[in-house]
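Taking it in order: structure first as structure tokens, then the write-up.
Keep in mind that this is a model prediction, so the values were computed, not measured. Index from 1, following the sequence.
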Amino acid sequence: MPRVESIFRVNLPLKAVWSFMSDRNEVGCLFPGCKGVKILDHLDAIWNVRVTFGPFAKIVNLRTHTTVFKEFEQLSWIGSGDNIHMSGDVMLKKIADDETEVTYHLEGHVTGHFAALQDIVVAEKLREVKKKFIKNIKEELEWQIVEDEEKRK
């Protein structure tokens, strides 16, 4: 199963980054193609995502399940729907009082109608999704930094 990883730092305390990253509604709206997240319970949700592979596009309902929830440390999940199987995790590390390191992993595999696609195509799509998702997360977290600074003035 193709896997991608990103490591980046944010100038926010660990608690603030955790609060944001553990909120599936907040994070969900930043995932490329996500049209909405329906929270089922504290571990399960359905993400409505527009998935594209080249000229093909499809709305997929990904049923996700949180497999690891270590407060201020790690979130891991699995998800599947419409012949797409994914998993991922977010690990946080305090660097300083106002700096947090984020490690993000994403894995994906397709079956069914898309089974003919080579893992290299899926890997390229994962790199694209990861890049956009991380960019969106960093922008949202950096916006929080600006907002906090304005409140202090």
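What you find for Val37 and Arg24 is that their closest heavy atoms are CG2-O, 3.9 Å. Looking at every heavy atom in both residues, Leu30 comes nearest to Ile137 through CD1-CA, 4.0 Å. Considering all non-hydrogen atoms of both residues, Val60 and Gly81 come closest at CG1-O, 3.4 Å. Met21 and Leu75 get closest at one heavy-atom pair: O-CD1, 3.4 Å. Residues Leu92 and Val90 share a closest heavy-atom pair of CD2-CG1, 3.9 Å. Of all heavy-atom pairs between Leu141 and Leu12, the closest is O-CD1, 3.5 Å.
With a 4.5 Å cut-off on side-chain heavy atoms, Asn11 and Asp98 do not count as touching. In this structure, the side chains of Val51 and Ile84 come closer than 4.5 Å at one or more pairs of heavy atoms. Proximity of Met86 to Leu126: side-chain heavy atoms (C-beta onward) are separated by under 4.5 Å at one or more points. A 4.5 Å side-chain heavy-atom check between Lys70 and Met91 finds every atom pair outside the cut-off. Val27 has its side chain within reach of Phe133: a pair of non-hydrogen atoms, C-beta onward, lies under 4.5 Å apart. Looking at heavy atoms from C-beta onward, Thr66 lies out of side-chain contact with His42 at the 4.5 angstrom threshold. Within the 4.5 Å cutoff, no side-chain heavy atoms of Lys38 are placed close to those of Asn48.
Using a 3.5 Å distance cut-off with no hydrogens or angles, the side chains of Lys131 and Ser6 do not pair a donor with an acceptor.
Transitive grouping of hydrophobic side chains (ILVMFWY, heavy atoms separated by less than 4.5 Å) brings Val49 and Ile39 into a common cluster.
To the nearest 0.5 Å, atom NZ of residue Lys93 and atom CD of residue Gln74 are 14.5 Å apart. Expressed to the nearest 0.5 Å, how far NZ of Lys15 lies from CD of Glu71 amounts to 8.5 Å.
Using a 4.5 Å cut-off between side-chain heavy atoms of Ile, Leu, Val, Met, Phe, Trp and Tyr, Ile46 falls into a hydrophobic cluster with Leu40.
Aromatic ring pairs are classed by plane angle as parallel below 30°, tilted from 30° to 60° and perpendicular above 60°; the pair Trp77 and Trp47 is parallel.
Atom CZ of Arg3 is surrounded by more than 12 heavy atoms from other residues, nucleotides or ligands within 6.0 Å.
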